[in-house]
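Taking it in order: structure first as structure tokens, then the write-up.
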Protein chains: 2
Amino acid sequence: MPRDTRQRQAIRDVLDDAGRPLSPPDILKVARKRVPGLGQATVYRTIRALVDEGWLVTVELPGQAPHYERSGLAHHHHFRCRQCERVFEVGGCPGNLKSLTPPGFRLEGHELTLYGVCSTCASD
Amino acid sequence: MPRDTRQRQAIRDVLDDAGRPLSPPDILKVARKRVPGLGQATVYRTIRALVDEGWLVTVELPGQAPHYERSGLAHHHHFRCRQCERVFEVGGCPGNLKSLTPPGFRLEGHELTLYGVCSTCASD
DNA sequence: ATAGATGCAAAGGGTTTGCACTTGA
DNA sequence: TCAAGTGCAAACCCTTTGCATCTAT
């Protein structure tokens, strides 16, 4: 069972507050505001521990380093802003995926990523 | 304008023959059968050149190094076999994506990756 | 007290770059 | 001929690991 350290606390707070998937460098940058000397190795180690515990889930985005978000969210997908590079969660799912699957293939899961411009960047 | 070298020829042949997206290491491995001393740097440089020329397109898969496929294919998506790790093209698109996009966001593109077991692996 | 956690620095794995040599045009 | 292309090795970037030190329990 993990100890309750300042570093771990800070990392969890960052992810709790973000409300969207973050990359390890994102997490390091923000968490260092609360724990100045925080090392990157600690971030990577803590992320892995939190994933193993089931507190975080890995979000794998095309062409991106993995991001992490809190677990327990309903089935959803992601939208990546091409301007600010932030990743947002989007509800729902297009469904109908079985019909795309070739005959003889067994469909077990899927990932959908939308690309475009977020509302913040679009209004500039 | 690029020269017609054995290396470049071999790399294009490999991609032409594959019929599915390949990673740089995949390409290196197969192309070395035709050009034994082929260096990895040449593969990476040639891939980039072919992408810039528009002969290849980059296929970015979640949690994977980028793969490359011939350009000019109709809109399609990909299926990744969890057993053999190969990536296949699948026709069609679920559509209906605009309805998933949050208000104020501008949708410009999308990537869909299906996961499961391909017919070859499923029949074992 | 003491095992787990941390920070630093070095090691890894995949991709890119520098440079002298080779080769297509 | 001679610049583009190549192969090698070193450099890079991001992530992981080794290890001495620190710290929550």
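Quick note on labels: first sequence line is chain A, next is B, and so on, each numbered from 1.
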When the nearest nucleotide of DNA chain D is assigned to B:Gln7 and to B:Gln40 on a heavy-atom basis, which residue is associated with the more 5' position? B:Gln7

So does A:Arg34 pair up with A:Asp17, basic N to acidic O under 4.0 Å? yes

Taking atom P of C:dT15 as reference, at what distance in whole Å does atom CG of B:Asp26 sit? 10 Å

Below 4.0 angstrom from OP1 or OP2 of C:dT23, is there any side-chain N or O of B:Arg8? no

Salt bridge check, A:Arg80 against A:Glu85: does any charged N sit closer than 4.0 Å to a carboxylate O? yes

CZ of B:Arg34 versus P of D:dT6: gap in Å, rounded? 16 Å

For the residue pair A:His110 and A:His77, confirm or rule out a side-chain donor-acceptor distance under 3.5 Å. yes

Mind checking if A:Arg45 touches a base, just sugar-phosphate, or nothing, with heavy atoms under 4.0 Å? base

Picking from C:dG7, C:dG14, D:dG7, which would you name as closest to the side chain of B:Thr42? D:dG7

Could you tell me the separation between the CD1 atom of A:Ile47 and the P atom of D:dC14, rounded to a whole number of Å? 14 Å

Can you find a side chain N or O atom of B:Arg32 that sits less than 4.0 Å from OP1 or OP2 on D:dG7? no

If I take atom CD in residue A:Glu53 and atom P in nucleotide C:dA5, what distance separates them, rounded to the nearest angstrom? 9 Å

Calculate the interatomic distance between A:Arg3 atom CZ and D:dT23 atom P; express it in whole Å. 11 Å

Base, sugar-phosphate, or nothing for B:Arg6, non-hydrogen atoms under 4.0 angstrom? nothing

Most 5' of B:Pro2 and B:Ala41 on DNA chain D, judged by nearest nucleotide: B:Pro2

Return the value, rounded to whole Å, for the distance between atom NE2 of B:His67 and atom C1' of C:dT15. 15 Å

Is the shortest side-chain N/O distance from A:Thr5 to OP1 or OP2 of C:dG4 below 4.0 Å? no

Nearest-Å distance for atom pair CG/P, residues A:Leu28 and D:dT16: 14 Å

Any salt bridge between B:Asp13 and B:Arg70, counting N to O under 4.0 Å? no

Can you tell me the distance, in whole Å, between the CD atom of B:Gln9 and the P atom of D:dA4? 20 Å

Hey, is A:Glu108 close enough to B:Arg82 for a salt bridge, meaning N to O under 4.0 Å? yes

